[in-house]
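First up is the structure itself, then whatever we jot down about it.
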Amino acid sequence: MAPVTRFAPSPTGFLHIGGARTALFNRLYARRFGGSFRLRIEDTDRERSTPEAIEAILEGLTWLGLDWDGDVVFQSARAERHREVANTLLSKGLAYRCYATPEELAEMRALARAEGRPPGYDGRWRDRDPAEAPTDRPAAIRFKAPREGEQVIEDLVQGSVTVANRQLDDMVILRSDGSPTYMLSVVVDDHDMGITHVIRGDDHLTNAFRQRQLYQAMDWPVPHFAHLPLIHGPDGAKMSKRHGAIGIDAYREQGYLPAALRNYLLRLGWGHGDDEIISDADAQQWFDVADVGKNPARFDFAKLDNLNAHYLREMDDQALVALLLARIEQSSGSAATPEQVRRLTAGMTGLKPRAKRLDDLAQSAQVYLAERPLDYGSDALKLLSPDAKALLAGLRPLLEASGWEREELESLVRRYAEEILSPSVKLGKVAQPLRAALTASKVSPPIFEVMEIFGRAECLARLDECLSN
RNA sequence: GUCCCCAUCGUCUAGAGGCCUAGGACGCCAGCCUUUCACGUUGGUAACACGGGUUCGAAUCCCGUUGGGGACGCCA
């Protein structure tokens, strides 16, 4: 049977990196075995779910290239069905009304803890005569969980995990306001959607035991479970905003490529021999959730950067320029001129190997965007000493008479430095001031490549402006 | 506190009893390349948490210790 997986985020915040990996693994698993990958928004939480968060999740997934099959299911729209199941359980005697107050509940927990028992509901309304029910407040519906025996889950990642039923209390499935709880909703939705493999974060492992009880009570087939270890921050502690628990949109803003993120996330907790750069096609062919490691992985930006640099270099120049232009327009508020686009496109080869992310690429791309008069900073000025300017002044007539192809320019300047000036003067002695004069910077792509792209007229004009200052 | 899970270089991992003198990648260090910065390239640094077993033989199996993580809501 082809697997059906799903990603089921709750829209209470942005799509974070852990969620993205969960979605990736679900999708990969479904693709690998010819199944389908569904998306369900768990928006049963009253106030905390926001339309903005839903939007951020859908956008984030789409941007990452993690498209889903079929329509998005909104859990909130299925509340009626959830209630129906709760009532079925009630009529089967597998659920009951509970009138315990929040204060009572807190006491129970404190007491249990003090006595060294697992904290939880003590079952005080479990077998109570309904005639004793108070009339002044509504009841919540609790699941009548089995007290004896144990729950065994053959988790695809965690292996066989067992918990005694006595560790599990009677969970609320319908709140006193009549709204279904998450615990009920997931089970009903996963069942109704025909989900065969529940692949999700490790933090849900203990929920799986309770959910299993529910499946059994309804006499539904229990899906396969796979609980993925969580992603930790670089210091081993829980991901915090400081180190990566930022929205996926923040990665996008910093200039990470979807392909790089996919590759990086895939290698977090999973490996395929010595392979590091893994194409989507290979990932789809190789990935199996059963091969995911059980230990939590730390997030490492240095490795992500390295991977991103790789995908950046592999990317088509035109596509990269388009991304860059959008970014530049957004920050400067104005569109690039055709001449700037021409320079940028021509300069891509030299720019690409120098960048890790789109943000630093945009930074170094300034070389091709800046217009005269150039704004010389202290770094450039340092290279433009009177002596250096004198060298450049001597070079000017030679440049004017030269062809304008990069190799020709290079050999010209080399000859100027080593033969005309002195054998001890290296190319760099002239090339560095030249770079400073033409780009107002001390670093740039190879200066002769830059010169070729700018063209003779522009270069001479820049040189003149620089020398006349 | 109760329950569950985990443990190989700094990080991500390969490793399913002899192929391990523990492999790869990122990072870091050094050399080469070089007009700057990068790219590239060559080499180097660095790990089986600890203690007991089992076995002819253990990174691999078992137990314990320590250290991490997760879950214990009328949140999801």
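Labels below follow one simple rule: chain letters A, B, ... track the order of the sequence lines, proteins then strands, and each chain is numbered from 1.
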- [ ] Assess A:R210 against A:F143: is NZ or CZ under 6.0 Å from the centre of the six-membered ring, and within 45 degrees of the ring's axis?
- [x] no
Open item on the list: Would you measure the distance from the P atom in B:C63 across to the matching atom in B:C48 and give it in whole Å?
Closed with: 23 Å
Task: Pairwise P distance for B:A25 and B:C39, with rounding to whole Å - done: 16 Å
Task: Distance, P atom - from B:C50 to B:G67, rounded to whole angstrom - done: 15 Å
- [ ] Name the nucleic acid region contacted by A:P9, choosing base, sugar-phosphate or nothing; use a 4.0 angstrom heavy-atom cut-off, strictly under.
- [x] nothing
Open item on the list: Distance check, P atoms only: B:A46 and B:A7, in whole angstrom units.
Closed with: 25 Å
Task: Nearest-angstrom distance, P atom, B:G69 to B:C12 - done: 14 Å
- [ ] Describe the nucleic acid contact of A:L205 in one word from base, sugar-phosphate, nothing, applying a heavy-atom distance below 4.0 Å.
- [x] sugar-phosphate
- [ ] For B:A76, take OP1 and OP2 only and decide whether either is under 4.0 Å from a side-chain N or O of A:T44.
- [x] yes
TODO: May I ask you to say what A:A164 touches in the nucleic acid, namely base, sugar-phosphate or nothing, with a heavy-atom cut-off under 4.0 Å?
DONE: nothing
Open item on the list: Distance check, P atoms only: B:U42 and B:C5, in whole angstrom units.
Closed with: 45 Å
Task: Sugar-phosphate only, base, or nothing, as touched by A:F448 at under 4.0 Å among non-hydrogen atoms - done: base
Open item on the list: Regarding A:Q158, tell me which of base, sugar-phosphate or nothing describes its non-hydrogen contacts under 4.0 Å with the strands shown.
Closed with: sugar-phosphate
- [ ] Determine whether the aromatic ring centres of A:F299 and A:Y264 lie less than 6.0 Å apart.
- [x] yes
Open item on the list: What's A:G159 touching, base or sugar-phosphate or nothing? Going by heavy atoms closer than 4.0 Å.
Closed with: nothing
Task: Below 4.0 Å: OP1/OP2 of B:G1 and any side-chain N or O of A:R117 - done: no
Task: Side chain of A:R298 (C-beta onward), nearest among B:U11, B:A76, B:C6 - done: B:U11
Task: Side-chain N,O (A:R109) to OP1/OP2 (B:C72) below 4.0 Å - done: no
Open item on the list: For A:F454 and A:Y368, take the angle between the two ring planes, folded into 0 to 90°, and tell me which bin it lands in: parallel under 30, tilted 30 to 60, perpendicular over 60.
Closed with: tilted
Task: Per A:R354 side chain, nearest of listed nucleotides B:C4, B:C37, B:G23 - done: B:C37
- [ ] Using a heavy-atom cut-off of under 4.0 Å over every strand shown, decide if A:S185 touches base, sugar-phosphate, or nothing.
- [x] nothing
Task: A:D203 side chain, from C-beta outward: closest of B:G69, B:U11, B:A71 - done: B:A71
- [ ] Could you measure between the two P atoms, the one in B:U60 and the one in B:G52, and give it in whole Å?
- [x] 14 Å
Open item on the list: Which nucleotide, if any, forms a Watson-Crick or G-U wobble pair with B:A58, using both distances under 3.5 Å?
Closed with: none
TODO: Would you mind telling me which of B:A25, B:G70, B:C5 lies closest to the side-chain atoms of A:E276?
DONE: B:A25
- [ ] Classify the nucleic acid contact of A:A302 as base, sugar-phosphate or nothing, counting any heavy atom under 4.0 Å across all strands shown.
- [x] sugar-phosphate
- [ ] Give A:H204 one of three labels, base, sugar-phosphate or nothing, depending on what nucleic acid heavy atoms sit under 4.0 Å from its own.
- [x] base
Open item on the list: Using the side-chain heavy atoms of A:L268, tell me which of these nucleotides is nearest: B:A38, B:C12, B:G1.
Closed with: B:C12
- [ ] Look at all strands and tell whether A:N207 reaches a base, only sugar-phosphate, or nothing, counting heavy atoms closer than 4.0 Å.
- [x] base
Open item on the list: Starting the side chain at C-beta, find the nucleotide from B:C74, B:U35, B:G24 nearest to A:Q432.
Closed with: B:U35
TODO: Determine: side-chain N/O of A:N306 to OP1/OP2 of B:G27, distance under 4.0 Å, yes or no.
DONE: yes
Open item on the list: Starting the side chain at C-beta, find the nucleotide from B:A38, B:U8, B:C3 nearest to A:Q167.
Closed with: B:C3
- [ ] Answer with yes or no whether the side chains of A:H82 and A:D189 bring together a donor and an acceptor at under 3.5 Å.
- [x] yes
TODO: Please tell me which of the listed nucleotides, B:C4, B:C74, B:U35, lies nearest to the side chain of A:L427?
DONE: B:U35
Task: Heavy-atom side-chain proximity of A:W286 to A:L266 below 4.5 angstrom - done: no
TODO: Using a heavy-atom cut-off of under 4.0 Å over every strand shown, decide if A:K294 touches base, sugar-phosphate, or nothing.
DONE: sugar-phosphate
Task: C1' spacing across the pair B:G27 / B:C9, given as an integer number of angstrom - done: 11 Å
TODO: Scan every strand shown for a Watson-Crick or G-U wobble partner of B:G64, both distances under 3.5 Å, and answer none if you come up empty.
DONE: B:C50
Open item on the list: What's A:G116 touching, base or sugar-phosphate or nothing? Going by heavy atoms closer than 4.0 Å.
Closed with: sugar-phosphate
- [ ] Give me the one residue out of A:V450, A:T439, A:I453, A:T349 that meets side-chain contact (heavy atoms from CB on, under 4.5 Å) with A:P445.
- [x] A:V450
TODO: Report which part of the nucleic acid A:P102 touches: base, sugar-phosphate, or nothing (heavy-atom distance under 4.0 Å, all strands).
DONE: nothing
